[in-house]
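Working notes, beginning with the structure itself.
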Amino acid sequence: MNLGNEPPSLDWHTTTDSTSFDVISNIMNGLTQMDGEMKIVPALASSWEIEEDGKRYVFHLREDIFWSDGKPVTAMDFVFAWRRLQDPDTGASYATFLYDIQNAYEINTGRIKDLSALGVEALDQKTFAVRLKQPAAYFLSLTSTCPTFPLREDVLVEHGSKWTDPRFIVTNGPYRLHKWQHEYKIELHSNPDYFEGEPRVKVVKMFMVPEQSTAFALFENDELDYVDNRSFSTSDVERYLKSPRYRNLPLLRSSYIAFNVTKKPFDKKLVRRAFAMAVDRSVFPRILRREETPLYGWIPPGLLGYSESTGLRFEPKKAQALLARAGYPGGKGLPKVELLYPNREDARLVVEAIQDQLKKNLGVRVELVNQEWKVYLARRKKDPPPLFRGAWGADFPDPESFMNIFTAGSGNNHTRWSSTRYDALLDKARAEQDESVRASVYQSANRLLCEDEVPIIPLYLATQNILTKPWVEGISFNALDIQILKNAVIKDPAGKDGAI
Amino acid sequence: MKRFFIRLSKIRTAVAALLVVLLICLLCVVSYLDLPLTGFAFDETSDAILLDPCPQHPMGTDELGRDLLTRVIYGSRLSITIGVLTALVSLVIGTVYGAIAGYCGGKIDSLLMRIVDIAYSLPDLLVMILLGVLIGRGTLGILIALALVSWRGTARLVRAQFLALKSEEFVEAARAQGQGHLKIITRHLLPNSIGPVIVAMTFTVPAAILSESTLSFIGLGLSPPACSWGTLASDGWRSLQTHPHLILFPSMFIFVSVLAFNFLGDGLRDALDPRTRSISKVGKEL
């Protein structure tokens, strides 16, 4: 397979990108895992009880789970890992994942210095208990994600920051990290002691080919057994649309245009609304040609709280009227508006289409600024321009994963917008146990975000596109864009040395 | 002058090349006038996405439904302007620099030429990328970056001419008459070395067009929706296998114009420099 680029780190506490997660999810397991339908099923924990109205979780670990050095996986490994995740010295962005645990927020922000105050404990070798400060409906989903995987204290103490080196790392998943040739490939070997049985594909080679056309040529030459969005452009895939080996799968990954609400003219709500109503989202599926779904609200279809009617529709006449009311009739008097986007093919097409629409519908001139990925990320963080393009992939299948990035303290909120009402609504939704009440609270938060305050314009929901070789079966893809290889089968291993 | 044109007109490829160059320059001028030749604006998106060439869109449309012919015409504006301006700027810098070195000679010459050697030893693309990053994107950035790497050849050429000419008798005579340095340079040396310089300039234009394409191709060029032939080709190559028209037409224009400028340069060199011509003639007779 092709990873696209070099994973920045394999430390599942500090890394935040999907490339690293693609590797980690194949060498590690958490308490639970997600099946193909994104339902939570047991993994390291064979069973669990939810007590005290959702405020206490007790997990029972399996007996037959071992680290790659032969030692058993214990509840202490979880206690150590979850404490380290919240330790401010670790600097984990995903610490917010477990903020629902008692004292987690206080420890992570330095208000409590004692790590052992965290609401986790090992009742015995194989029993792990968690205390939440408030019920969180999505908590079980979190226990299947990479940042919540266990860690071995002795390994970290011995090897320090080098613990992710293939020579030192200990893992408990279906595969083991065998070799890591930087900027070239990662090689995984199957784990013969894996509790679900050794994977049938013994060797996985994960290449790092950033150039799509190169990666696709490798696929066409049978050097890659399957490819996804990272490895081909829209035009390449067009030739395979009719092929039975092509699959277009849903993905919980949304694109948006964000405003920096501290910069003129977007400090005015009316202007933001006018812009949102001047963008015709129905063009994106036609331009990108991968069956994208146009989005008007920020909660995508299929998740709790989604409602088709939420969000501002494309109404150029109303948009013009709003802009005039804001004091810029026909776009006159508007300062030069800059739109930052990353140097990627899809992003360029989308922002060019938006540029022309805003010119046509509002008479606004937008200047496009394109930056290389890392520069783009840095600029967005440090000094966000008036307009920028963003995309967000869900970490777990819950509206929370989309909505919480625009809260006041979120590290992913670069709009400089915050609303106590919005944050309060999310707090309420998080603690709510009743699904229908929870849905309606998210719905009102979504309205506040996409109809009233409008710090972002949701654009479209992307899809994952997969092309496999005829001899490959059983790779599991889900809408969170995590690819699990443990059940893969290569039907004709002749000449393929049983590797992916 | 007349003899020069007669000589030039006898070189058929040069005449053809001159016609093509004139046509391309005309295209460039036309694109500046923003005439509604095709009925579309270069940045006008539409629902007619990725059409193959058809009567309404002779070159087809791109992923955003923009008419490719309109974009190619618009692209000539930047490609040709950058090509010609780069050549002019490098002509000015190179001539002044080479003239000083050649005329002064001695230590100044050595110093100036070592600087040129150093500048030559730096890889062009690297320098252009660095300058592009420093100056910023857009037409001006590209222009400065290209001009700063393309003057060195001209400088060497002019210096060589000056070194050869300054010991000629007519220069000695002018000096004996008591004419000033500036006058000797402008009245005697420059006019006599202008031939090779003009030839060099016609070769700089296609080089600059290609360099601009290279810069745009690697993403350091213009920001959308502005386009040049280089950016059009760069956007088009991704769909080489499915929609070849997107790369075919812009690259055809790059190819034809680069070829035409090169042939024109060849012709000019032959016409301006009787020596090379006679040598080639001798060669043929043998």
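It should be emphasised that the depicted structure is a prediction, and the values quoted were computed from it without experimental measurement. Keep in mind that the numbers below use all heavy atoms, side chains included, and drop hydrogens, waters and symmetry copies. Just so we're on the same page: letters track the sequence lines, and every chain starts at 1.
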Problem set entry | A:R286 versus B:D47, closest heavy-atom pair with distance | NH2-OD1, 2.9 Å

For this session: Look at atom CD of A:E291 and say whether more than 12 heavy atoms of other residues, nucleotides or ligands are closer to it than 6.0 Å.
Result: no

Problem set entry | Side-chain touch A:E352/B:T45, heavy atoms, less than 4.5 angstrom | no

Seminar exercise, completed: Within residues 353-366 of chain A, the residues sitting under 4.5 Å from chain B by heavy atom, in sequence order, are A:A353, A:Q355, A:D356, A:K359, A:K360

Exercise. Any chance NZ of A:K318 has more than 12 other-residue heavy atoms, nucleotides or ligands included, within less than 6.0 Å?
Worked result: no

Problem set entry | Chi angles and distances behind the salt bridge (charged side-chain N to carboxylate O under 4.0 Å, His left out) call for B:E63, A:R289 | CA-CA 10 Å; B:E63 296 103 321; A:R289 290 168 288 148; 5.1 Å; no

Problem set entry | Segment of B:L50 engaging chain A (4.5 angstrom heavy-atom cut-off) | side chain

Exercise. Can you tell me if OH on B:Y120 sees more than 12 non-hydrogen neighbours from other groups inside 6.0 Å?
Worked result: yes

